[in-house]
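A short worksheet on the structure shown next.
Whatever order the structure lists them in is the order used to number ligands and atoms, beginning at 1. These values consider heavy atoms only, across backbone and side chains, with no hydrogens, waters or symmetry-generated copies.
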Amino acid sequence: MSEAALWARALDLVRMNHIESDGDAGPLFDNPPSGSDPDVLKRLRQIYEAGGWVLVESAIADLPADLRWLFESDAVTIEQLAEIYGELGVISAADIAAAAREHRLSALPGVGSEVETAIVGALPALRARVPRIPIGRAIDVAEIVLETLHAVPGIEWAVPLGSLRRGEELVGDIEILAPAERPAAAIDALLALPTAAHVLHRSERRLYSLADRMQIGVRLPPPTAAVTELLYLTGSRAHFDWLQTRAASRGLTLTASGLQSGDGTVISTPTEADIYAALGLPFIPAEIRNGDDEIQLAIEGTLPALISRKDIRGDLHMHSLWSDGRDPIEGMVKACLALDYEYMAITDHSPHSAASRNLTLDGIKRQADEIAGLRERYPGIAILHGCEVDILPDGRLDFPDHILESLDIVLASLHEHAGHGPSQLMQRYASAMKHPLVTIVTHPSNRVVPWRPGYDLDYDRLFEMAVETGTILEIDGAPSHLDLNGPHARRAVAAGATVSIDSDCHRAEMLRRQMDLGVVTARRGWVEPKHVLNARSLQELRLTIAAKRAPR
Ligand code: DGT
């Protein structure tokens, strides 16, 4: 909350008789002081001491979320919070943790080590209070902020932090780091965005705002201090804690503000890779910084070379106007060409799917004609004619075989559980996977993030069946699916399954974003290019499809 808004609210409360304007607080209201935001709590403390509790509570509601939750956790009093916020410039749980680690909290007057311990104890519970934001929604907002920052002269890079950078499907907030020599221009550009209509905190190098119930924080540290801050704020906590222990074992000190040798000399680390190298480690990608076995594998030098966006040669799952897509096939083709794909598959829904529009038996022939025409007009990309066929309750497919045979690729989906329990669902998957015309099983758990959990299946058996039958399992990049998720994908490829990373896109303009999300999900699943069907050439793709179709 800006100071001006705070004082406007204070005066309102006085008018509404919530606070007595005479008494000790009177002079404050008559003569609102000016200053930077961190001073606000100090003023509030004065008001609080004068009995203005209502005002304090209402202003707390407009603090950056982590401070608000810290206050609500009862670990601190308003006076202590005022010291922590005002004196240390602490704004987020990460700042609080870093300050506690360096005992900067306990050094504050009126705080002390007992309170510091209570605060550290309260930190995990703060996170439990955070309502989670689906990553698709978070990226919508983050991309606007990132684009704005990239356009500011002097900003060389801007990167999301925390769970968003690690690619988690649900995130607590949106935080972005953009090193800046002169941050004022960036703050001005950010303030012009609709996402900054409701500012929670503004200081020289930070801006926190609230938009559509999401907290958006931007940090603009000096470039020299930015990389260790990036590493710390990317987390995970367990990963960073482990890096600190590793640093200590080598006589180094790693904190959010830098890497130092035993004699206190700052070691220059222009990139994250330099920090890992100084610790005798290869670079560890953000998506696998979970603080578990990535560390041992890094020490052993056996980390996987994760799939990346540049390895993807085509997209095998997307919809057009022929079912519930929003764009004609031509629009999808143009967008895929712009993404430099070598191939793409149009895979509209079959007649019994619950989609708003479905492909009919007759439609599929007319669709084939349209695709034949587009192949002539767009020779720069191979357009595969496919479909996403429903697996019916009895395990049969929703198009007859002679139709499926005429297609270049068939994706099979369990959209409707039909009241079936795990063993019946597995039987349906088994019959679809055994079908020689089925190349890919899409979004295998059929969850809807964040609303519906995935099927309760024996996934290890599912992965075995995929290997036995030569069926590919999809990592679907639609933000509501992200399915297989990271842990499932990891188990699937460890079992020997091949995956396909697809956008499952229903709008041309989302092809890139949804493929990116699919790749991030695959990276969270330790997936390598060798595991991915659509990292292969068109010829290899066709051979894979043909191999399953060939009589055994
Ligand atoms: P979220 O926001 O709940 O989805 O989770 P994160 O991971 O984005 O966490 P957040 O926003 O509270 O903090 C960003 C990063 O800062 C986090 O991933 C790691 C670092 N950090 C925060 N608190 C601590 C802490 O207590 N210890 C350590 N080592 N790092 C922390």
Any nitrogen or oxygen of [X], side chain or backbone, less than 3.5 Å from one on ligand 1?
| X | value |
| --- | --- |
| D66 | no |
| S163 | yes |
| G162 | no |

With a 4.0 Å cut-off on N to O distance, would you call E294 and R289 a salt bridge?
no
E169/R524 salt bridge by N-O under 4.0 Å criterion:
no
Please say whether more than 12 non-hydrogen atoms of neighbouring residues, nucleotides or ligands are located less than 6.0 Å from [atom1] in [X].
| X | atom1 | answer |
| --- | --- | --- |
| R182 | CZ | no |
| E114 | CD | no |
| E509 | CD | yes |

Distance under 4.0 Å to a non-hydrogen atom of [X]: what atoms of ligand 1 satisfy this?
| X | result |
| --- | --- |
| G235 | 18 (O), 19 (C) |
| V171 | 4 (O) |
| D241 | 29 (N) |

Could you establish whether [X] and ligand 1 come within less than 4.0 Å of each other, counting only heavy atoms on the residue side?
| X | result |
| --- | --- |
| Q244 | no |
| L161 | no |
| E168 | no |

For atom 22 (C) of ligand 1, which of the options A65, G291, S236, A94 provides the nearest non-hydrogen atom?
A94
For [atom], what's the nearest protein heavy-atom neighbour? Residue, atom name and distance, please.
| atom | value |
| --- | --- |
| atom 18 (O) of ligand 1 | R166 NH1, 3.0 Å |
| atom 29 (N) of ligand 1 | R101 NH2, 2.7 Å |
| atom 2 (O) of ligand 1 | D173 OD1, 3.1 Å |
| atom 10 (P) of ligand 1 | R237 NH2, 3.6 Å |
| atom 15 (C) of ligand 1 | L233 O, 3.0 Å |
| atom 20 (C) of ligand 1 | Y232 O, 3.2 Å |
| atom 25 (C) of ligand 1 | A97 CB, 3.3 Å |
| atom 23 (N) of ligand 1 | R127 NH2, 2.6 Å |

Backbone N or O of I288 within a donor-acceptor pair of the R523 side chain at under 3.5 Å?
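Side chain of R523 to backbone of I288: no pair is present.
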With heavy atoms under 4.0 Å as the rule, classify the contact between R132 and ligand 1 as side chain, backbone, both or neither.
side chain
Can you tell me which portion of T234 lies within the under-4.0 Å heavy-atom range of ligand 1? Options are side chain, backbone, both, or neither.
backbone
Indicate whether the side chain of R132 and that of S163 have a donor and an acceptor atom separated by less than 3.5 Å.
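Looking only at side-chain atoms, S163 and R132 do not form any donor-acceptor pair under 3.5 Å.
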Just by distance, with hydrogens left out, do Q514 and H506 show a side-chain donor and acceptor under 3.5 Å apart?
no
Mind jotting down which residue pairs meet the side-chain hydrogen bond (donor to acceptor under 3.5 Å, both in side chains) criterion with at least one end in residues 242-251? Sequence neighbours excluded, please.
R101-Q244
Which atom pair, heavy atoms only, marks the closest approach of L473 to A497?
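For L473 and A497, the tightest heavy-atom pair comes out as CD1-CB, 4.3 Å.
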S261 and side-chain contact (heavy atoms from CB on, under 4.5 Å): which partner among I267, V266, T253?
I267
My understanding is that only residues two or more places apart in sequence, or in another chain, count here; which of them pass salt bridge (Lys or Arg N to Asp or Glu O under 4.0 Å) with D212?
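Checked D212 against salt bridge (Lys or Arg N to Asp or Glu O under 4.0 Å); matches are R137.
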